[in-house]
Amino acid sequence: MRANFEYPLLPQNSSWIFLKSQGPENAPLHSHPNYEMNFVIKGNGTRYVGNSIGDFEDGDLILLAPSVPHRWQNTSKKQQNYSSLVIQWGEDFLGKEWLATPEFKDIRRLMELSVKGIKFDKYMCKEIKRKQSALLIFPPFERLVLLLQLLNDLAKSNEFKILCDGEFSFNNSIPNSRIDIICHFIKEKYSEKITLANTAALVNMSEGAFSKFFSQTTKKPFFSFLNEYRIKMARKLLSETDMRANEIGYACGYECLQFFYRQFMKYTGYSPQAYRKNSQSL
């Protein structure tokens, strides 16, 4: 089965992504061009990583290289009983040669191992959980330092398991300059009105040809992709600011607040107010 491709859009003024995910977690098998650290705060079910299938539970900590297909299928009776921390960063988020420097040799080895998925022991999971609040509230520079410290701690641990067997290999990247242009446009303009016509014009395509191209490339319609990003930004604002939900809806490009609330419920399983309350209690 081919994994859906996701193009993670970095928040403005940030070189990496940190998200607290809540609600039903039954996304299809997918891949993206970023490294990912996924920590399950609460939930249980089935985890798919490459050709590996296993159970997950509270406290699971997984590290994945770019393009590794993965899925966390929540099977708990209470579908809302799921929350996780997701951290993503690109190979060049500190510059193209950062992993080649001597200071990062341990982290470089860790990144090399992550092409088959790594599951860490419970001690490292506790460290991640202990530091999650700091990742949310620290200023950008201190947050980056904390991320590097976490990666260094993981790199020095010998208590881990490789998830995929020796025969696993993949080539699931979708290099496409048109997709890069569109994603950059969404990142810069998601708070404004975005139409199919002005997006298609960016890559010199008709609306019909653009819709077909985008759906075939990303395995989802353009406006689903746009709404996913807007809701991701809304989740971040709800977790990290005291802005009112209505203000956040407008700030994320929704002219109709009823539509914003429906989309937020669709993608998270929560109302914005409930999401904020639960996020603060984690």
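This structure is a prediction, so every number in the text was calculated from the model and none was measured.
- Closest of all the heavy-atom pairs between Asn198 and Lys193 is ND2-O, 4.1 Å.
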When you look at Ile162 and Ile118, which way does the side-chain contact (heavy atoms from CB on, under 4.5 Å) test go after all the steps? CA-CA 5 Å; Ile162 301 297; Ile118 304 173; 4.1 Å; yes
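- Not counting sequence neighbours, Phe185 has no partner by the ring-ring contact (aromatic ring centres under 6.0 Å, His included) test.
- Taking all atoms of both residues into account, the shortest heavy-atom contact from Ser31 to Ser67 is CB-O, 3.6 Å.
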So Cys183 and Tyr229, side-chain contact (heavy atoms from CB on, under 4.5 Å) or not? Walk me through it. CA-CA 10 Å; Cys183 289; Tyr229 182 69; over 6 Å; no
Test side-chain contact (heavy atoms from CB on, under 4.5 Å) applied to Leu85 and Ile41, step by step: CA-CA 7 Å; Leu85 299 178; Ile41 301 171; 3.9 Å; yes
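- Side chains of Ile186 and Leu226 form a contact here, defined as non-hydrogen atoms less than 4.5 Å apart.
- When all heavy atoms of Ser191 and Ala251 are compared, the closest pair comes out as CB-O, 3.0 Å.
- In this structure, Asn227 contributes its side chain and Phe223 its backbone to a donor-acceptor pair below 3.5 Å.
- Contact check for Ser215 versus Phe222: no side-chain heavy atoms found under the 4.5 Å cut-off.
- Rounding to the nearest 0.5 angstrom, the gap separating the CZ atom in Arg262 from the SG atom in Cys256 is 6.0 Å.
- Side-chain contact between Leu151 and Tyr35 is absent, with no heavy-atom pair separated by less than 4.5 Å.
- Here the side chains of Cys252 and Leu237 are in contact, with some heavy-atom distance below 4.5 Å.
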Apply side-chain contact (heavy atoms from CB on, under 4.5 Å) to Arg178 and Leu202, showing your working. CA-CA 9 Å; Arg178 285 176 170 172; Leu202 286 173; over 6 Å; no
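- Side-chain contact, Asn246 with Tyr261: a donor N or O sits under 3.5 Å from an acceptor N or O.
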Check the pair Arg235 / Tyr275 against side chain to side chain donor-acceptor pair (under 3.5 Å), numbers first and verdict last. CA-CA 8 Å; Arg235 287 163 51 193; Tyr275 186 92; 3.2 Å; yes
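- Counting heavy atoms from C-beta on, the side chains of Leu61 and Asn38 never come closer than 4.5 Å.
- With sequence neighbours excluded, the residues that form a side chain to side chain donor-acceptor pair (under 3.5 Å) with Glu240 are Lys236.
- To the nearest 0.5 Å, the span separating CG on Asp153 from CG on Leu148 amounts to 11.0 Å.
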For residues 100-110, which side-chain donor-acceptor pairs fall under 3.5 Å, sequence neighbours excluded?
from: Thr101; atom 1: OG1; to: Trp98; atom 2: O; distance (Å): 2.8
from: Asp106; atom 1: OD2; to: Lys156; atom 2: NZ; distance (Å): 3.1
from: Arg108; atom 1: NH1; to: Leu99; atom 2: O; distance (Å): 2.5

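- At a threshold of 4.5 Å between non-hydrogen side-chain atoms, the residues Ile182 and Phe210 count as touching.
- Between the side chain of His70 and the main chain of Val68, a donor-acceptor pair closer than 3.5 Å is present.
- The ring-ring contact (aromatic ring centres under 6.0 Å, His included) check on Tyr48 picks up nothing, with sequence neighbours excluded.
- Taking CD1 from Ile194 and NZ from Lys189, the interatomic distance works out to 9.0 Å, rounded to the nearest 0.5 Å.
- Hydrophobic cluster membership of Val145, counting Ile, Leu, Val, Met, Phe, Trp and Tyr whose side-chain heavy atoms lie under 4.5 Å apart directly or via other members: Phe141.
- Taken to the nearest 0.5 Å, the CZ atom of Phe56 stands 10.5 Å off from the CD1 atom of Ile62.
- Phe264 CZ to Leu257 CG: the interatomic distance, rounded to the nearest 0.5 Å, is 13.0 Å.
- With hydrophobic clusters built from ILVMFWY side chains whose heavy atoms lie under 4.5 angstrom apart, Leu238 does not share a cluster with Val86.
- Side chain of Arg47 to main chain of Trp72: no donor-acceptor pair is present (N/O by atom type, distance under 3.5 Å, no hydrogens or angles).
- Atom OG of Ser15 sits about 6.0 Å away from atom CG of Leu144, to the nearest 0.5 Å.
- Using a 4.5 Å heavy-atom cutoff, the side chains of Lys232 and Tyr267 are not in contact.
- Checked by atom type and distance alone, the side chain of Asp58 pairs as donor or acceptor with a backbone atom of Gly43 at under 3.5 Å.
- Checked by atom type and distance alone, the side chain of Arg71 never pairs as donor or acceptor with a backbone atom of Thr46 at under 3.5 Å.
- Among all heavy-atom pairs drawn from Met37 and Leu154, the shortest one is CE-CD1, 3.6 Å.
- Smallest separation of non-hydrogen atoms from Gly50 and Cys164: CA-SG, 3.9 Å.
- Annotation: side chain of Leu113 is in contact with side chain of Phe160 (closest heavy-atom distance under 4.5 Å).
- For CD of Gln258, the number of neighbouring non-hydrogen atoms (other residues, nucleotides, ligands) closer than 6.0 Å is 12 at most.
- Listed for the Glu247 side chain is a donor-acceptor partner under 3.5 Å among the backbone atoms of Arg244.
- Residues forming a ring-ring contact (aromatic ring centres under 6.0 Å, His included) with Phe39 (at least two apart in sequence, or on another chain): none.
- Between Gln88 and Trp16 the shortest heavy-atom distance is O-CB, 3.3 Å.
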